[in-house]
Amino acid sequence: MFDSVRDDLAATLDEIRAAGLHKPERVIGTPQSAKVAVTAGGRPGEVLNFCANNYLGLADHPEVIAAAHEALDRWGYGMASVRFICGTQEVHKELEARLSAFLGQEDTILYSSCFDANGGVFETLLGAEDAVISDALNHASIIDGIRLSKARRFRYANRDMADLEKQLKEATEGGARRKLIVTDGVFSMDGYVAPLADICDLAERYDAMVMVDDSHAVGFVGPGGRGTPELHGVMDRVDIITGTLGKALGGASGGYVAARAEIVALLRQRSRPYLFSNTLAPVIAAASLKVIDLLESAGELRERLAANTALFRSRMSDEGFDVLPGDHAIAPVMIGDATVAGRMAELLLDRGVYVIGFSYPVVPQGQARIRVQLSAAHSTADVDRAVDAFVAARAELESAGA
């Protein structure tokens, strides 16, 4: 039996490669940083890293690493349990309290990833008599989490407030008991920011709750790095914030839900990813506490990230590249054809710049791109070198007739 299955799977993999949609995994032999050493799957040697979520450059920060070492000695390696059995340490409760204070929410619950956090919210809070209204470009974890719920599902066009209001009216007229609007704070493939003030206005008009996945914002968006609710002045109007410790907040792993106290209390009792997954490793919790310490005085890092982002976007536009508009550190360079995007990424790696071509199903068909992600750890020279590499790679592709 398995031989026929093997043949079917091999044929599917061949189709993926033929369509230019194969996603190779390159191996690096160094800590995550602005510069990394590629050891397999690409050009060997040190390259500039422009494809990590390491927005503030904290993944290899010496104070974060020192806090992790100290935590290993004090708290051990792993908990070998879930939270309600014997998997809760003081360090977990301290991190939850610090995140709540930082994000302006009443309470916080930790998960092993933000994917799990999003997977545990909807089924717990919403039943068949409720409605969830979701942005069309929300992250896959939100989409999967909604699928686990029995709530009625409504979808509105990306950042389209007229369409959101239309869906809210339909949900209201359909007799929904609870209505939950859910959106990414920053849409990861485009770098676009959700219009949270307008969303909150509509939520109040239609008696709905608001949930924001702020994974690509917390730490560096907003005056104090508290994310898109702070950026838009609606920290007190958002009911649920989900996010990750695996991007700007040190880049390890782990996620959280920060929300109204009653919401978090119910998640502790009924959220399946929380109840049935091992506790976040104590070393990550302790290192994340150090990250929050750094965030409270990270204005210079946020300014450097903003300057690097502005420089890259400006220079790429001057060179005639199609970069999606905005000022977020996600700067998608639009290519269109998946094969060409993959080939350009390879040519850039040959020139010492590590980026990735994104194609279907991660982005829509015909909208392949190279998603460049800036970091506070990059220097001005690093950014200039990356732009020069794009120019050279484009010239090589054009000479080859691509």
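Along the sequence shown, residues carry numbers from 1.
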Does a side-chain heavy-atom distance below 4.5 Å link [X] with [Y]?
X      : Y      : answer
Pro229 : Leu196 : yes
Phe390 : Met344 : yes
Leu202 : Met161 : yes
Ser271 : Val121 : no
Arg147 : Asp144 : yes
Arg371 : Val355 : no
Met189 : Leu137 : no
Asp382 : Lys35  : yes

Who are the side-chain contact (heavy atoms from CB on, under 4.5 Å) partners of [X], not counting sequence neighbours?
X      : answer
Glu90  : Arg74, Trp75
Asp322 : Met334
Ala67  : Lys290

Quick one: do the [X] and [Y] side chains pair a donor with an acceptor below 3.5 Å?
X      : Y      : answer
Tyr192 : His328 : no
Asn54  : Ser375 : no
Asn138 : Asp213 : no
Tyr256 : Glu96  : no
Thr279 : Arg83  : no
Ser100 : Thr108 : yes
Asn49  : Gln32  : yes

* Asked: Do Ser277 and Val82 pass the side chain to side chain contact (heavy atoms under 4.5 Å, CB included) test, and can you show the C-alpha distance, the side-chain angles, and the key distance before you say yes or no?
  -> CA-CA 6 Å; Ser277 291; Val82 299; 5.6 Å; no
* Option passing salt bridge (Lys or Arg N to Asp or Glu O under 4.0 Å) with Glu129 (candidates Arg177, Lys150, Arg152) ->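 When salt bridge (Lys or Arg N to Asp or Glu O under 4.0 Å) is applied between Glu129 and each of Arg177, Lys150, Arg152, only Arg177 qualifies.
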In Å and rounded to the nearest 0.5 Å, what is the [atom1] to [atom2] distance from [X] to [Y]?
X      : Y      : atom1 : atom2 : answer
Asn118 : Phe122 : CG    : CZ    : 6.0 Å
Asp384 : Asn308 : CG    : CG    : 10.0 Å
Ile199 : Leu168 : CD1   : CG    : 10.0 Å
Thr244 : Tyr111 : OG1   : OH    : 14.0 Å
Asp239 : Cys200 : CG    : SG    : 8.0 Å
Leu56  : Leu294 : CG    : CG    : 9.5 Å

What are the two closest non-hydrogen atoms of [X] and [Y], and how far apart are they?
X      : Y      : result
Val291 : Leu249 : CG1-CA, 3.6 Å
Ser359 : Ala338 : CB-CB, 3.6 Å
Leu245 : Ser253 : CB-O, 3.4 Å
Tyr77  : Pro282 : O-CD, 3.8 Å
Asp190 : Pro332 : O-CG, 3.4 Å
Leu267 : Gly120 : CD2-O, 3.5 Å

Quick test of your reading of the model: are [X] and [Y] salt-bridged, counting only N-O distances below 4.0 Å?
X      : Y      : value
Asp388 : Arg315 : yes
Arg304 : Glu300 : yes
Arg155 : Asp163 : no

* Applying ring pair (Phe, Tyr, Trp, His ring centres under 6.0 Å), which residue pairs with at least one partner in residues 359-386 are found, sequence neighbours left out? ->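 Matches after skipping sequence neighbours: Phe50-His378.
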* Just wondering, are more than 12 heavy atoms of other shown residues or ligands nearer than 6.0 Å to CD in Glu106? ->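 Counting other residues, nucleotides and ligands, CD of Glu106 exceeds 12 neighbours.
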* **CZ/Arg260: more than 12 non-hydrogen atoms of other groups inside 6.0 Å** =>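 More than 12 within 6.0 Å, yes.
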* To do: With salt bridge (Lys or Arg N to Asp or Glu O under 4.0 Å) as the test, would you mind laying out the steps for Glu123 and Arg270 before giving the verdict?
  => CA-CA 9 Å; Glu123 183 182 23; Arg270 292 188 176 174; over 6 Å; no
* Cation-pi between Arg26 and Tyr354: NZ/CZ under 6.0 Å from ring centre and within 45° of the ring axis? ->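 Output no; distance or angle outside limits.
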* Asked: Quick one: does NZ or CZ of Arg268 land under 6.0 Å from the six-membered ring centre of Phe84, within 45 degrees of the ring axis?
  ->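 No, Arg268 does not lie over the aromatic ring of Phe84.
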* Verify salt bridge (Lys or Arg N to Asp or Glu O under 4.0 Å) between Asp201 and Arg237, making sure each step is shown before the conclusion. => CA-CA 9 Å; Asp201 288 346; Arg237 300 171 69 192; 2.6 Å; yes
Exercise answer: donor-acceptor pairs, residues 9-19 side-chain atoms, under 3.5 Å, sequence neighbours excluded:
{"from": "Thr12", "atom 1": "OG1", "to": "Asp8", "atom 2": "O", "distance (Å)": "3.1"}

* **Which residues share a salt bridge (Lys or Arg N to Asp or Glu O under 4.0 Å) with Arg272, sequence neighbours left out** =>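 Here no residue qualifies.
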* Asked: Given Arg351 and Glu396, is the salt bridge (Lys or Arg N to Asp or Glu O under 4.0 Å) satisfied, shown in steps?
  -> CA-CA 12 Å; Arg351 289 163 174 78; Glu396 183 170 341; 2.5 Å; yes
